[in-house]
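Notes follow the structure.
Nothing fancy with the numbering, it's 1 onward along the sequence. Only a predicted model underlies this, so the values are computations on that prediction, with no experimental measurement involved.
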Amino acid sequence: MTNPDLIFLHAPSVYDFRKESILYGPVSDLVPSTPVFEMYPIGFTTMAEYLERNGFQTRIINLAVRMLEDSRFDAEETIRKLHPLAFGIDLHWLPHAHGSIEVARIAKRLHPKQAIIFGGFSSSYFYDELIQYPAVDFVIRGDSAEVPILFLMQYLRSGGALQPAALSAEGRALEVIPNLTWKDSDGVMRANPISYTPDTLDDLLLDYSQVLRAVVRYRDLASVKPFRSFMQYPITAALTTRGCRYNCVTCGGSACAFRGIHNRQSPAYRSPELLAQDIRRIGEFSHGPVFVLGDIRQPGQEYADRFLDAIKGYKKPVFIELFDAAEKSFFEKVSRSLPNFTVEISMESHNEEVRKAFGRPYSDEAIEKTIDYALDAGAKRLDLFFMVGLKKQTYQSVMDTVEYSRQMLKRYAAGGDTRVIPFISPLAPFVDPGSRAFEEPEKHGYKLFARTLEEHRQALLAPSWKYVLNYQTIWMTRTDIVNATYEAGRRLNQIKGEFGVISHEIMIATDERIERAKRLITEIDRIIMTSNIKERRRELNELKHQVDNANLSTVCDKRELEIPILGARINVLQAAGVVVKDWWKDINRP
C-alpha cells in the first residue's frame, strides 16, 4: 500500500470536543451532521477525483467522524503514521475555525517537512490572517480549487520548497499558480491573484465511486464516511452551481460574497445533462436520496427543462430546493421526470417585510400557491424552513411565525395530508463572513462580537452557544435569540404532534430535550459569572455529561428530516464492482 500524495483531513468544529463541556444548542438540527460538524465539504470529493485523474493518489480521513464514533480513537497518533507529500485541511465553514487550525498544528509538529494546504470559503476570506499561523504553508483561495491544487501538487512533487526565496526558480513557479497564497523564505505573505474562476463546472466529476475505491486501497471505511450516520441514511449531493444570483443578507454564498471573496462575477453552472448523469451515477450504488444543491431554475427555465428531460425516469428519491415561487407547469414537469421528489423551501419568516429584508423576494400568496402546486403534482414531502435572528425580526415575530406554521398544518394536516413539515432553527453560530450583514453590520441592524479568524476560533470554546454567537441585532439580543429559538421550537414541536406530523413519543422526547437545554443554559449563565476560574471550570466539567446528552436533536428530532428508503441503502453488488475494478487496477500498476 503506497503513501498517498495528498491526504485531506477533516477536523471537528472544536478539536477537544470530547473533553470540553460546550452546549452547542440547535446549530445542526437541520443538517445531516452533529454539532461537531463532521460532514466534510463536497470539494473534497471533486478535488480528489481531479487529482486522481491527473496522476496523484489521494485519501480522505474524516477525523471528526472517527473521534465521534470511537472515544479511544487517537487523532494525533493517526496523523503521526501518515506520510503524504502534503496535507489538505478544509476551513470551509467558519465553525471549523478551532478544529482545523489545531489539526494543522499537530500535523506540522509531527511532519514539519510536509506541506499544509488550506482551502474553502472561510480560508478564502481570512487568507491573510490564516497564512500567518506557523502551521499553515499555503492557502488556496476561490470557489474552485481543483486546478490550483493540481498545480501546487505538481510543484511539490518536483521538489519545490515550502518557503522558497522570492527570486528562486521555485519561487517563480509558485508565483504563477492561480489563487495561491504562500510565504517566501522571509515569512512574507505572497498572495497571487484569484485568476482561476471557471465559467462552467463541466470539467468536474462528482464521483462518489472514488470514495469506494479509497476504501479498498487504504482498507479504511470508517475514515471516508461523509458524516456519522451516512451508512444508516446515505444522503448525497449533486452540484448545480458555484455562485448565486441572490443576495440574502447573512449568506456567505450570496452573489456579493462570491464577488468579494472569490472574484466570481457570475455563477458557473454544470450542464444539465451532466447533472443528470451525476445523479444516475449515484443511483447505481445508493438507494438514498440525492439533494440537488441550488435551484435548478436559477440559470433559467431552459436549463431546468433540459435537466428534467435528461433525468426523466429516475425513480429514486431526489430533493430539489426552491429560491423563489414556482408555477404549476414547473411541478408538472418535475413530477413526470422525478416521480419520487421532495421540495425544500427556506421561507425564513412568515412576515413578508422580514423575508424581503433578508433577500427572499416572494409574497405569502405566491409561496402558498407554490406549495399547493407541488403537492398537487405529487411531491412526497414539502419542507418549510424558518430562521431566528433575522433583520427586522422581533421575538414576537418569531412566535407569529410559529402561529403561521400552525395555520399551515391546520390547512393540510387536519385533512390528513401530513406532507408539509415546518422547521425552525437559529442563524447560528455565525453570521457568514463576506455576507452583507458581516461587511456592513450597522446598515443591516447587526452588532458583531467577532470579526477576525482568531476571535471566532476563541469564541467556539465558549461554554454555550449563546456566547458562541458572533452577533445580535437591534431587534433581539443574544439572550432574546436563544430564548426565542427554544420557545419557538417547543411550540412548533407541540403543534406538529397535535396534527400528527410527528408521533406522540417523538413530541414528548423533543419537549423534554428542549426543557433540559433551557435549564442547562440558565445554569451555564450562572456558572460563568463565577469569578474563580478553577471553580468555573470544575462546575462546567460536572455538567459535561448532561450537556453532551442535550446537544443532539434539540428543537426537533433529526429523524424528521429523513424520508423512507426502500430496499438496501447501499447497492452492495455495484459497490463491490467498483472496488474490484480498483483492486485489479492497483495490482496491475507498473
Side-chain angles (χ1 to χ4, degrees), residues 10 26-46 48-49 60 62 64-65 68-69 90 92-93 206-212 215 221-241 253 270 275-296 307 311 314-322 334 338-346 379-385 419 421 423 425 552-553 556-572 574-575 578:
H10 180 67
V27 298
S28 67
D29 280 5
L30 301 185
V31 294
S33 65
T34 71
V36 172
F37 289 105
E38 77 277 11
M39 185 168 63
Y40 54 77
I42 199 170
F44 270 19
T45 307
T46 57
E49 188 283 326
I60 295 172
N62 193 336
V65 160
L68 269 172
E69 293 189 326
D90 63 295
H92 186 64
W93 299 289
L206 187 55
D207 186 5
Y208 289 99
S209 64
Q210 176 60 41
V211 175
L212 297 174
V215 170
L221 171 62
S223 294
V224 299
K225 288 195 296 186
F227 53 92
R228 186 180 191 178
S229 59
F230 178 77
M231 300 305 292
Q232 291 74 44
Y233 189 68
I235 185 170
T236 50
L239 185 65
T240 66
T241 181
R270 186 153 176 78
L275 175 63
Q277 180 178 302
D278 292 342
I279 295 172
R280 292 187 186 279
R281 186 182 296 111
I282 293 169
E284 289 177 359
F285 65 85
S286 173
H287 289 282
V290 178
F291 193 110
V292 181
L293 297 170
D295 191 326
I296 60 173
F307 166 70
I311 198 65
Y314 185 82
K315 296 180 180 180
K316 293 177 181 177
V318 173
F319 284 78
I320 61 170
E321 57 179 337
L322 303 182
V334 172
L338 294 168
N340 195 355
F341 75 100
T342 291
V343 180
E344 307 239 313
I345 303 174
S346 295
K380 300 302 181 185
R381 208 174 78 180
L382 192 145
D383 297 336
L384 288 176
F385 296 101
R419 288 180 293 167
I421 307 179
F423 298 92
S425 66
L552 197 62
S553 297
C556 71
D557 192 307
K558 290 179 79 73
R559 291 172 296 179
E560 293 179 43
L561 297 168
E562 299 177 0
I563 61 173
I565 298 177
L566 301 178
R569 287 162 173 76
I570 300 295
N571 186 326
V572 177
Q574 179 63 29
V578 171

Indicate the atoms forming the closest heavy-atom contact of [X] with [Y], along with that distance.
X    : Y    : value
P339 : K380 : O-CE, 3.4 Å
G283 : Y314 : CA-OH, 3.4 Å
F341 : I320 : CD1-CD1, 4.5 Å
G288 : I565 : CA-CD1, 3.9 Å
V65  : A222 : CG1-O, 3.8 Å
V290 : A237 : CG1-C, 4.3 Å

Does any part of the side chain of [Y], heavy atoms only, come nearer than 4.5 Å to the side chain of [X], both counted from C-beta?
X    : Y    : result
W93  : P41  : yes
P289 : T342 : no
F319 : L338 : no
V224 : F44  : no

Checking the side chain of [X] only, and the main-chain atoms of [Y] only, is there a donor and an acceptor separated by less than 3.5 Å?
X    : Y    : answer
R381 : E562 : yes
R280 : I311 : yes
T46  : L206 : no
N62  : K225 : yes
R419 : A379 : yes

Fill in: Worked verdict on S425 versus D29 for side chain to side chain contact (heavy atoms under 4.5 Å, CB included)
CA-CA 7 Å; S425 66; D29 280 5; 5.5 Å; no
Fill in: For S28, all residues meeting side chain to side chain contact (heavy atoms under 4.5 Å, CB included), sequence neighbours excluded
V31, P35, F37, K558
Between [atom1] of [X] and [atom2] of [Y], what distance do you get to the nearest 0.5 Å?
X    : Y    : atom1 : atom2 : result
D295 : E321 : CG    : CD    : 7.0 Å
I60  : D90  : CD1   : CG    : 10.0 Å
T236 : F285 : OG1   : CZ    : 6.5 Å
M39  : H92  : CE    : NE2   : 9.5 Å
L239 : T241 : CG    : OG1   : 7.0 Å
K316 : S286 : NZ    : OG    : 7.0 Å

Item to complete: Anything under 30° is parallel, anything over 60° is perpendicular, the rest tilted; go ahead and classify F385 against F423.
Response: parallel
Worksheet entry | CA sep, side-chain torsions, deciding dist, call: T45, Y40, side chain to side chain contact (heavy atoms under 4.5 Å, CB included) | CA-CA 9 Å; T45 307; Y40 54 77; 4.2 Å; yes
Discussion item. For R228 and V36: C-alpha separation, side-chain torsions, deciding distance, then whether side chain to side chain contact (heavy atoms under 4.5 Å, CB included) applies.
Written reply: CA-CA 10 Å; R228 186 180 191 178; V36 172; over 6 Å; no
Worksheet item: Does the pair L561 and I235 meet the rule for a side chain to side chain contact (heavy atoms under 4.5 Å, CB included), with working shown?
Response: CA-CA 11 Å; L561 297 168; I235 185 170; over 6 Å; no
